[in-house]
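Chain naming here is simple, since letters A, B, ... match the order of the sequence lines and numbering starts at 1 in each.
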Amino acid sequence: MKVNILAFGIAKDIFGGPAIDVELFNDATVFNLKFLLEKQYPQLKKLATYMVAVNNEYALDGDTVHERDEIAIIPPVSGG
Amino acid sequence: MKVNILAFGIAKDIFGGPAIDVELFNDATVFNLKFLLEKQYPQLKKLATYMVAVNNEYALDGDTVHERDEIAIIPPVSGG
Amino acid sequence: MNKQIKLSVSTLNVMECVDWVMSPECGGIDVFIGTVRNATKGKTVVRLEFEAYEKMAISELEKIADQASIKWPVQKMLIHHRTGVLQIGEIPVIIAVAAAHRHAAFEACRYIIDTLKQTVPIWKKEIFEDGEVWVAVHP
Amino acid sequence: MNKQIKLSVSTLNVMECVDWVMSPECGGIDVFIGTVRNATKGKTVVRLEFEAYEKMAISELEKIADQASIKWPVQKMLIHHRTGVLQIGEIPVIIAVAAAHRHAAFEACRYIIDTLKQTVPIWKKEIFEDGEVWVAVHP
């Protein structure tokens, strides 16, 4: 399945744009997604940490992602 | 010596005005003053507590008062 | 440390207070605004009257601000307090503190209002429809 | 509990925020105002840019306000956050909390800004004369 990943902050710089498409096997987890992204974009690993949001909620590594989910990479936040 | 005592808040009601004069012996202390006032104005004793200020500073019972001191009765404060 | 302390018989102005403490060196401002509540223990309040022992009140407020600036790294502190007659919804007190870091601003602001209510010679009279009473919150 | 949460590309208005939370049932209002500092670690900041993942940011801010209202008895809570380009001295965030008693207002206001800085998907880029950097305060 193809999933669309939104990127914000420094993740946008790392991906070279506000969104990318990646090819994932069905029933892939957030962990699988992060593994794939870190292979394609090694700079992601240089972040102290980053989170993945699925449908506007922070997701855990074990959560499954689905084709039409809204997925976003959330680097360390700095609002306020 | 005669000292002038300023009154605020409920103390003003108790004294019936914003200031009173009392006759005190020389070298009287704040404690002596309070004793005298409570005799003349027994309602003072009904206050949960009250302080005496001498020259714009909270005074202790043992502090001496002098003829030209600015003395004030400070009932429980309720600013803010 | 830069401070502004004022008793005033006219309406306090929130924006003026915020503008005064705001500075490009500060990252955070905490502002406490007291307001006149329309009821005390279920009884309708018609209006309030504040009386101050002005000279001593200013001097106690100065002490509080100085203490706060020893305890926390703050840059600007402002305390404005009303006297006289206040209607419901009016503002008896504004405290504004600017600091490089927000925790200092929060701590100092809270310290100032807490201490003000304990030590500053200002008295509040609540006027009800059927009488009035000097408030004595801190016996 | 009554809340107002907003992301805005235009200047935040302190007075509007204070007016919104003020009500005759409240005795105390605490307002936190963030400001853009002119320097970070001694380096001159030219301007800031805030980017938000808007839908999620709003939803996280709602959660924070709801949590605060469970933890403390507050009556009105307002959170306004800027996005886009901010000049030095401008206001990235205003949080205003009204409560019957001041301690609840202080606690809730501080909880909101502390948690906002940890969980809400908003990012700040500092622009210096010779470059720019995404700030990562909470790794």
Side-chain angles (χ1 to χ4, degrees), chain B residues 3-22 24 29-31 33-35 37-38 40-80, chain C residues 5-8 12 32-37 40 45 48-64 79-84 86 90-95 109-126 131-139:
Chain B
V3 292
N4 185 256
I5 317 280
L6 303 175
F8 296 94
I10 197 166
K12 212 165 57 175
D13 296 347
I14 293 172
F15 291 168
I20 54 167
D21 283 332
V22 298
L24 265 183
T29 62
V30 167
F31 180 82
L33 171 65
K34 286 161 86 175
F35 187 83
L37 289 174
E38 289 172 15
Q40 287 182 27
Y41 303 93
Q43 280 189 283
L44 265 185
K45 282 188 284 191
K46 291 197 186 152
L47 295 181
T49 180
Y50 69 96
M51 300 284 284
V52 172
V54 177
N55 300 325
N56 295 291
E57 297 282 344
Y58 285 108
L60 300 173
D61 275 358
D63 291 349
T64 307
V65 299
H66 308 92
E67 191 151 13
R68 277 176 231 296
D69 284 344
E70 182 173 313
I71 298 169
I73 301 302
I74 312 284
V77 301
S78 50
Chain C
I5 286 164
K6 209 153 79 176
L7 298 181
S8 165
L12 301 186
F32 176 76
I33 302 164
T35 53
V36 177
R37 292 172 67 187
T40 292
V45 175
L48 290 191
E49 288 176 26
F50 280 93
E51 180 180 52
Y53 180 14
E54 300 219 358
K55 215 166 29 153
M56 185 175 170
I58 294 285
S59 131
E60 290 293 321
L61 288 171
E62 300 264 358
K63 283 185 201 167
I64 294 172
I79 311 173
H80 285 189
H81 202 296
R82 271 294 294 281
T83 56
L86 277 81
E90 281 204 86
I91 297 175
V93 64
I94 299 176
I95 296 166
C109 190
R110 189 161 171 168
Y111 170 82
I112 292 169
I113 181 65
D114 286 352
T115 313
L116 182 159
K117 284 176 176 271
Q118 287 163 5
T119 66
V120 177
I122 299 177
W123 297 271
K124 175 166 66 177
K125 188 196 264 181
E126 287 176 333
E132 51 184 55
V133 63
W134 286 106
V135 178
V137 188
H138 295 277

Return the minimal non-hydrogen interatomic distance between [X] and [Y], and the atom names on each side.
{"X": "C/P92", "Y": "B/G80", "answer": "CB-O, 3.9 Å"}
{"X": "C/E60", "Y": "B/E57", "answer": "OE2-OE1, 4.5 Å"}
{"X": "B/I74", "Y": "C/M56", "answer": "CD1-SD, 4.1 Å"}

May I ask you to test the B/P75-C/W123 pair for a side-chain heavy-atom distance under 4.5 Å?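 Yes; the side chains approach each other to less than 4.5 Å.
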
For [X], is it the side chain, the backbone, both, or neither that has a heavy atom closer than 4.5 Å to a heavy atom of chain B?
{"X": "C/Y53", "result": "both"}
{"X": "C/A57", "result": "neither"}
{"X": "C/P121", "result": "both"}

Name all residues meeting the side-chain hydrogen bond (donor to acceptor under 3.5 Å, both in side chains) criterion together with C/E54; count only those two or more places apart in sequence or in a different chain, and write none if there are none.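 C/E54 satisfies side-chain hydrogen bond (donor to acceptor under 3.5 Å, both in side chains) with no residue once adjacent residues are dropped.
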
Between C/E49, C/K63, C/R82, C/K125, which residue shows the highest count of heavy-atom pairs closer than 4.5 Å to chain B?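 Between C/E49, C/K63, C/R82, C/K125, the count favours C/K63.
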
Considering only heavy atoms, which portion of B/Y58 lies under 4.5 Å from any heavy atom of chain C: side chain, backbone, both, or neither?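 Its backbone and side chain both get close to chain C.
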
When only heavy atoms count and the cut-off is under 4.5 Å, which of residues 5-13 of chain B reach chain C?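 Checking residues 5-13 of chain B against chain C gives B/L6, B/F8, B/G9, B/I10, B/K12, B/D13.
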
Kindly write out the residues that satisfy salt bridge (charged side-chain N to carboxylate O under 4.0 Å, His left out) with B/E38, not counting sequence neighbours, or none if the list is empty.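 Residues passing salt bridge (charged side-chain N to carboxylate O under 4.0 Å, His left out) with B/E38: none at all.
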
With C/R110, which residues qualify under salt bridge (charged side-chain N to carboxylate O under 4.0 Å, His left out), at least two apart?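 With neighbours one apart ignored, the set is D/E107.
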
